[in-house]
Amino acid sequence: MDMTESLPAALDRVIDPISGKGLIASGRAAEPRFDDGTASVVIDVTGLSGDARSKIETAVKQALIAVPGVETVRVAMTAEKKGRKIIAIGSGKGGVGKSTLSANLAVALRKLGKKVGIVDADIYGPSQPRLLSTEGMRPTAQGQKMDPVMSPHGIPMLSMGQLVKPGQAIAWRGPMAANALGQLIDAEWGDTDLLVLDLPPGTGDVQLTMVQKYKPAGAIIVSTPQDLALMDATRAIDFFRQANVPIIGMVENMAGYACPHCGEISDPFGSGGAQAAAMSMELPFLGRVPLDIGIRTSSDAGSPPASEDDDAVFRPLAEKIAAWLNPAGPASF
């Protein structure tokens, strides 16, 4: 067997982690070249994480150097620049359940077939490690980029909560926090095509950096029904509008409480405020999330209720968001 046969055969013994085929059969590897004892090959690593790329490079070198006559192996890796959309989830104030909603929407979007990742951009109060059950798991790094941590729910994620000690205060000025956000977004996200960005409340430096440098495809505004929360949500909407970021819609969180004993519905935070505000501002209203102890306890335990087969709260919201992201154009709700 000459080199034109033995080198491709060696490459096909290295398996592409996505297709399960050999590198030649899957189209990952171009036809290898051989000259004066040196085997050279170009590998397309589009859609692979930094760790997977490193493993393929090592496996290719081992496979080719084992071919009789090969003294040196050169591997070049190329990748197409991936268009990745960002959805920013924001609120004008804290305490409205934005992080819980972000985690559940990411899980629900993944169940709809989206390749979703989540960035916990709430630098000063990161909570996604708890919500997605990745506490104590630290990201690795490939060169200058971090590799996201894979959650048990199939959602790759990055959070400052994975980089500092539990309970440690992060006393950073705006530019430092904005730089940290950039490192989280610019990580090695592999084939992830949609990032859910859980923003801190307000409209400060972190939000400015995000809209100026990364330009989200759209924003979702979370508010409780009460007037004070809606006043702050209006400021967040104005911020995104000034930055020319489309508003996907509003979500009313903590909307209605069903008594576990008698079933009577009460509205401790008011009722319908976010929907009325959306109508007055000519924005889509995506839906309501009830004030339900099951949502709180499951999410706090790292098991978002959106992962359950009988989820009837977050899936409808995710379906509307997926429809909005459809290339055919935003849906009308």
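Looking at Asp12, its side chain does come within 3.5 Å of a backbone N or O of Ala25 through a donor-acceptor pair. A distance-only check finds a donor-acceptor pair linking the side chain of Lys320 to the backbone of Leu286 [under 3.5 Å]. With hydrogens and angles disregarded, a donor-acceptor distance shorter than 3.5 Å links the side chain of Ser280 to the backbone of Ala277. Panel note: side chain Arg28, backbone Asp44; a donor-acceptor pair is recorded below 3.5 Å. With hydrogens and angles ignored, the 3.5 Å screen pairs no side-chain donor or acceptor of Thr100 with any backbone N or O of Gly97. Of the possible polar contacts, none joining the Lys114 side chain to the Asp193 backbone as a donor-acceptor pair under 3.5 Å is found. Looking at Arg13, its side chain never comes within 3.5 Å of a backbone N or O of Ala63 through a donor-acceptor pair.
Ionic pairing of Glu57 and Arg53 is not present here: no N-O contact between side-chain nitrogen and carboxylate oxygen is shorter than 4.0 angstrom. Salt-bridge annotation for Asp198 and Lys98: present, with a side-chain N of the basic residue lying under 4.0 Å from a carboxylate O of the acidic one.
At a threshold of 4.5 Å between non-hydrogen side-chain atoms, the residues Val251 and Ile221 do not count as touching. Residues Thr234 and Asp238 fail the side-chain proximity criterion, which asks for heavy atoms closer than 4.5 Å. In this structure, the side chains of Met3 and Val67 come closer than 4.5 Å at one or more pairs of heavy atoms. In this structure the side chain of Arg315 reaches within 4.5 angstrom of the side chain of Leu112, judged on heavy atoms. Under the 4.5 Å side-chain criterion, counting only non-hydrogen atoms from C-beta, Leu7 is not in contact with Arg33. At a threshold of 4.5 Å between non-hydrogen side-chain atoms, the residues Pro305 and Asn104 count as touching. No side-chain heavy atom of Leu105 sits less than 4.5 Å from a side-chain heavy atom of Ile118. At least one side-chain heavy atom of Ile185 sits under 4.5 Å from a side-chain heavy atom of Leu197.
With values rounded to the nearest 0.5 angstrom, Met157 atom CE is found 8.0 Å from Trp189 atom CH2. Between the CD1 atom in Ile295 and the OG atom in Ser298 there is a gap of 8.5 Å [rounded to 0.5 Å]. Atoms CZ and CG, on Arg84 and Asp191 in that order, are 8.5 Å from each other to the nearest 0.5 Å. For the atom pair CD1 of Ile87 and CD1 of Ile220, the computed distance is 5.0 Å after rounding to the nearest 0.5 Å. To the nearest 0.5 Å, atoms CG (Leu11) and CG (Asp16) are separated by 12.5 Å.
For Ala108, the side-chain contact (heavy atoms from CB on, under 4.5 Å) partners are Ala306, Phe314, Ala318, not counting sequence neighbours. In this structure Thr38 satisfies the side-chain contact (heavy atoms from CB on, under 4.5 Å) test together with Ser40, Thr72, Arg74, sequence neighbours excluded. By the side-chain contact (heavy atoms from CB on, under 4.5 Å) test, Pro246 pairs with Trp324, sequence neighbours left out.
For NZ of Lys215, the number of neighbouring non-hydrogen atoms (other residues, nucleotides, ligands) closer than 6.0 Å is greater than 12. Taking a 6.0 Å sphere around CE of Met137, one finds it holds more than 12 heavy atoms contributed by other residues, nucleotides or ligands.
For the residue pair Ser99 / Ser127, a side-chain donor-acceptor distance below 3.5 Å is found, with atom types taken as modelled.
Follow the hydrophobic side-chain contacts under 4.5 Å out from Leu132 and you reach Leu101 in the same cluster.
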* To do: Take Glu308 and Ser303 through the test side chain to side chain contact (heavy atoms under 4.5 Å, CB included) and record every step on the way to the result.
  => CA-CA 9 Å; Glu308 301 295 332; Ser303 181; 4.3 Å; yes
